[in-house]
Amino acid sequence: MDTFEDFVSRLREIKQLGHVETHRKGNTGIGKTLEDLLGIEENNIPGPDAVGAELKAMREGSGSLTTLFTKEPPRSERPFWGTKMVNELGYVDDKGRQALKVTIRPNTPNNKGFYLDYDDTSVSVVHEDVGVCATYPLDFLRERFEDKFPQLVMVFADTKRIDGVEHFWYKEAYHLDGFDSDAFLDLMRDGVITLDLRMHLKESGANRNRGTAWRIMDESRLDEAFEDRTPLLDDTELDDIPVTTKPHPVAPEQDTLDGY
DNA sequence: GGTACCTGGAA
DNA sequence: TTTCCAGGTAC
């Protein structure tokens, strides 16, 4: 898969597969399965996934936020962060763990007292009782955006369960190009892009942090941060694939996709 | 073994 | 809309 055209060709082949059994149970199966079908090795590289584009897979109709990337604040800018913050500002979750999993928006405190406070050069995570917990320089975030999102491909899948196992039909895809980091920062200030804390303490007392995540509430607003949006799978002939596909074997390996 | 990333959700 | 949450890996 050396070119973007190859990449789009693969997406079309994957669409023609119809519903594919998930390669991993749970929320993240949709992304893991798509990456497997595309032949992308799982990674935690903070950069574009394939042919210079960041790839996002989403379930159709999910009203949840879309994670753009995770990033901890600079170590030097964390007066009240990590284990201390979870212990003192968190709660006990249903599994009996001390946890702090919250979405934080500008100006208005959430039910745990957190809000974001922007100024000209930075954005701070503020708690109404303890004050500034951490600060991100805006240039620091801008660099993350620019590194990760030279281009973005969003893939939407229909999802259904067959005998209790989730299956995905990757049927829509859009290519966003021409990233504008200033527009991105405007989306942040407007509260369209928010920040999630996703921490809890393990039995050892260590902080299990899935990553402090910058997320967008309505991914269609991403158009404001990219010059161009192009549908990649708008071939209407493909829409004739019945939703109730006959069972097909476990998703083919990458190198067998060429035969489709 | 802990930290910081990746991949994504539901009620 | 807000509150709260998931399975993974590199180093």
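Residue numbering restarts at 1 for every chain, and letters A, B, ... go by the order of the sequence lines.
Dashed line: the shortest gap from a side-chain N or O of A:Thr67 to OP1 or OP2 of B:dT7 is not under 4.0 Å. Taking only side-chain nitrogens and oxygens, A:Arg210 never comes nearer than 4.0 Å to OP1 or OP2 of C:dC4. For the OP1/OP2 pair of B:dA10 and a distance below 4.0 Å, the side-chain nitrogens and oxygens of A:Ser62 include at least one atom meeting the criterion. Regarding contacts with the backbone of B:dG9, every side-chain N or O of A:Lys56 stays at 4.0 angstrom or more from both OP1 and OP2. Contact annotation: A:Lys112 reaches the phosphate of C:dC4 (side-chain N/O to OP1 or OP2, under 4.0 Å). The side chain of A:Arg215 contributes no N or O atom lying less than 4.0 Å from OP1 or OP2 of C:dT2. At C:dG7, none of the side-chain N or O atoms of A:Lys32 fall inside 4.0 Å of OP1 or OP2 (strictly under the cut-off). For C:dT3, one of the phosphate oxygens OP1 or OP2 lies less than 4.0 angstrom from a side-chain nitrogen or oxygen of A:Asn111. When the side-chain nitrogen and oxygen atoms of A:Lys148 are compared with OP1 and OP2 of B:dT7, one or more of them lie within a distance under 4.0 Å. The shortest distance between the side-chain N/O atoms of A:Thr70 and the OP1/OP2 oxygens of B:dC6 is below 4.0 Å. The phosphate of B:dC6 (OP1 or OP2) has no side-chain N or O of A:Arg24 nearer than 4.0 angstrom.
No hydrogens or angles were tested; on distance alone, nothing pairs the side chain of A:Arg198 with the base of B:dG9 as donor and acceptor under 3.5 Å. At a cut-off of 3.5 angstrom, counting only N and O atoms as typed in the model, there is a donor on one side and an acceptor on the other between the side-chain of A:Arg208 and the base of C:dG8.
Ring pair A:Trp214/A:Tyr136 is perpendicular by interplanar angle, where above 60° counts as perpendicular and below 30° as parallel.
Hydrophobic clustering of Ile, Leu, Val, Met, Phe, Trp and Tyr side chains at less than 4.5 Å, counting indirect connections, unites A:Leu38 with A:Leu17. Under a hydrophobic clustering in which Ile, Leu, Val, Met, Phe, Trp and Tyr are joined whenever their side-chain heavy atoms come within less than 4.5 Å, directly or via other members, A:Phe140 and A:Phe184 fall into the same cluster.
Ranking C:dG8, B:dT3, C:dA6 by closeness to the A:Arg75 side chain, first place goes to B:dT3. The side chain of A:Asn27 sits closest to B:dG8 out of B:dG8, C:dC4, C:dG8. Checking C:dG8, B:dA10, B:dT3 against every side-chain atom of A:Ala206, the shortest atom distance belongs to B:dT3.
Under the 3.5 Å distance criterion, with hydrogens and angles disregarded, a donor-acceptor pair is assigned to the side chains of A:Asp119 and A:Ser122.
Distance, A:Tyr115 OH to C:dT1 C1': 21 Å, rounded to whole Å.
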